[in-house]
Amino acid sequence: MEFQWYPGHMTKAKRQMQEDIKLIDLVIEVIDARCPVASRNPDINDLAKNKLRLVLLNKADLADEKSNNRWIEYFVAQGFYAVGLDSRNRKNMKDVQATLDRVCAAKFEKDRARGIKNRPVRAMVVGIPNVGKSTFINSFAGKAVAKTGNKPGVTKGKQWIKLNKAVELLDTPGILWPKFEDNKVGLNLAFIGSINDAIIETRELSIELIKFLCDKYPKYLNDRYQIDVNKECYDILVDIAASRNFVKKGGELDYDKAAYTLIDEFRSGTLGRITLELPEQDN
C-alpha cells in the first residue's frame with residue numbers, strides 16, 4: 001500500500017508554527033506509544049531546535065508496557081524528557097506536571113536572576129493528526145478547552161490556552177509531512193488512524209495488519225477470534241468473518257466488515273496491548 005496525504009491546511013499550519021516557535025520556551029510533542037517513530041513528524045526537530053523538549057507517549061495503555069519503558073529510555077538518551085500516559089485518564093497528569101516542573105525549573109531560575117517574575121512558561125503542543133493532542137490538553141487543563149475527535153484534522157487553527165499562572169499552552173493543528181520515505185511509516189499511521197480512513201482500502205490494510213500480528217502477536221489473533229493463524233493472511237480474514245458470523249444478504253461472508261472490525265479492535269486495544277515498532281537497538 002502507498003500513502004500520500006497532505007491537505008493544504010497543513011502547509012499553512014507549518015508556516016504558522018515556524019513563526020510561533022519564536023515565542024515558545026518548551027515544545028511538548030505528543031506521539032502515539034504504539035509507533036513512536038512513525039507518529040513523529042521529522043520536521044519538528046528542526047522547528048524545535050534549541051528549545052526545551054518534552055515527549056508524551058500517549059495511548060501508552062494500548063501499547064506493550066515493556067516497549068513503553070524501552071521507548072522512554074530511548075528518548076531520554078536523546079536528551080528529551082519523556083512520559084508515557086493515557087491522556088483520557090486525569091490521574092496521569094500528575095506525572096506530566098511533575099516532569100513539566102523539572103523541565104521548567106531552570107527557566108524559572110534564569111528569569112529570577114534577570115529580575116523577571118511570574119512570567120509563565122509558554123509551551124507549544126505539537127503532534128501529527130489523531131495522536132490525542134487535544135484530549136491531553138483538556139485532561140491537563142481539567143476542562144474542555146480544545147476540540148477533540150476520533151479522526152484526523154479536528155484542530156484546524158492555533159489557540160492559546162492559559163492553564164494557570166505558570167503555564168500557557170499553544171495548541172496547533174496536527175501536521176503530517178509531504179512524503180513518507182519509508183512506506184512502513186505510512187502503513188503504521190494508517191493502522192492507528194492518523195491517515196483519513198476515507199482514502200484507505202480497508203480490506204488491504206487489514207491484510208497488512210494480519211501479516212504483522214501473525215509475526216509479532218499471533219496469540220492475540222488466536223484468542224480473540226478462535227482461529228488458526230498458520231494460514232495465508234487472506235484466509236485468516238475469511239476465518240475472522242466466519243467466526244463473527246459476518247454474512248451479507250444471500251449468505252456470502254462479509255470480508256469488508258471483518259476487515260473493519262479487526263482494524264477497529266486493534267485501535268481500541270480490544271485485541272490486546274500492541275506495539276508496532278521498537279527502538280532500533282531492540283529490533
Exercise. What distance separates Phe266 CZ from Ile192 CD1, expressed to the nearest 0.5 Å?
Worked result: 7.5 Å

Exercise. With no hydrogens and no angle check, is any side-chain donor or acceptor of Lys257 less than 3.5 Å from a backbone partner on Ala241?
Worked result: no

Exercise. Got more than 12 heavy atoms from elsewhere within 6.0 Å of CD, Gln78?
Worked result: yes

Exercise. Which residue pairs pass the ring pair (Phe, Tyr, Trp, His ring centres under 6.0 Å) test when at least one of the two sits in residues 104-141, sequence neighbours left out?
Worked result: Phe136-Phe140

Exercise. Between Pro279 and Trp71, is any pair of side-chain heavy atoms under 4.5 Å apart?
Worked result: yes

Exercise. Which atom names give the shortest non-hydrogen contact between Ser194 and Val131, and what distance separates them?
Worked result: OG-CG1, 4.4 Å

For this session: May I ask you to check whether over 12 heavy atoms, not counting those of Lys248, lie within 6.0 Å of atom NZ?
Result: yes

Exercise. Taking NZ, NE, NH1 and NH2 as the nitrogens, is one of them in Glu73 or Arg70 under 4.0 Å from a carboxylate oxygen of the other?
Worked result: no

Exercise. Would Arg273 count as a cation-pi partner of Tyr220, with NZ or CZ less than 6.0 Å from the six-membered ring centre and within 45° of the ring normal?
Worked result: no

Seminar exercise, completed: In this structure, CG of Leu170 is separated from CG of Leu26 (nearest 0.5 Å) by 11.5 Å

Problem set entry | Whether over 12 other heavy atoms sit under 6.0 Å from Lys162 NZ | no

Exercise. Can you tell me how far CD1 of Ile207 sits from OG1 of Thr202, rounded to the nearest 0.5 angstrom?
Worked result: 11.5 Å

Problem set entry | Under 3.5 Å donor-acceptor, Thr275 side chain and Asp64 backbone | yes

Exercise. Which distance, rounded to the nearest 0.5 Å, do you find between the CG of Leu47 and the CG of Asp20?
Worked result: 10.5 Å

Exercise. Is a side-chain N or O of Arg122 found less than 3.5 angstrom from the main chain of Asp25, in a donor-acceptor match?
Worked result: no

For this session: For Glu277 and Ala38, indicate whether the former's side chain and the latter's backbone hold a donor-acceptor pair under 3.5 Å.
Result: yes

For this session: Might you point out which heavy atoms bring Ser39 and Asp32 nearest each other, and give the distance in Å?
Result: OG-N, 3.0 Å

For this session: Mind telling me whether Tyr217 and Phe212 have parallel, tilted or perpendicular rings, with 30° and 60° as the class edges?
Result: tilted

Problem set entry | side-chain hydrogen bond (donor to acceptor under 3.5 Å, both in side chains) partner of Ser87, chosen from Asn58, Asn92, Asp61 | Asn58

Exercise. Between Thr261 and Arg244, is any pair of side-chain heavy atoms under 4.5 Å apart?
Worked result: yes

Problem set entry | Arg102 CZ to Leu54 CG distance, which is reported to the nearest 0.5 Å | 9.5 Å

Exercise. Less than 4.5 Å apart, any side-chain heavy atom of Phe246 and any of Leu253?
Worked result: no

Problem set entry | Distance in Å, Tyr255 OH paired with Arg203 CZ, rounded so as to fall on 0.5 Å steps | 8.0 Å

For this session: Please step through side-chain contact (heavy atoms from CB on, under 4.5 Å) for the pair Thr99 and Gln97, ending with a clear verdict.
Result: CA-CA 5 Å; Thr99 304; Gln97 184 61 61; over 6 Å; no

For this session: Please examine the side chains of Leu213 and Ile274, heavy atoms only from C-beta on, and report whether any two atoms are closer than 4.5 Å.
Result: yes

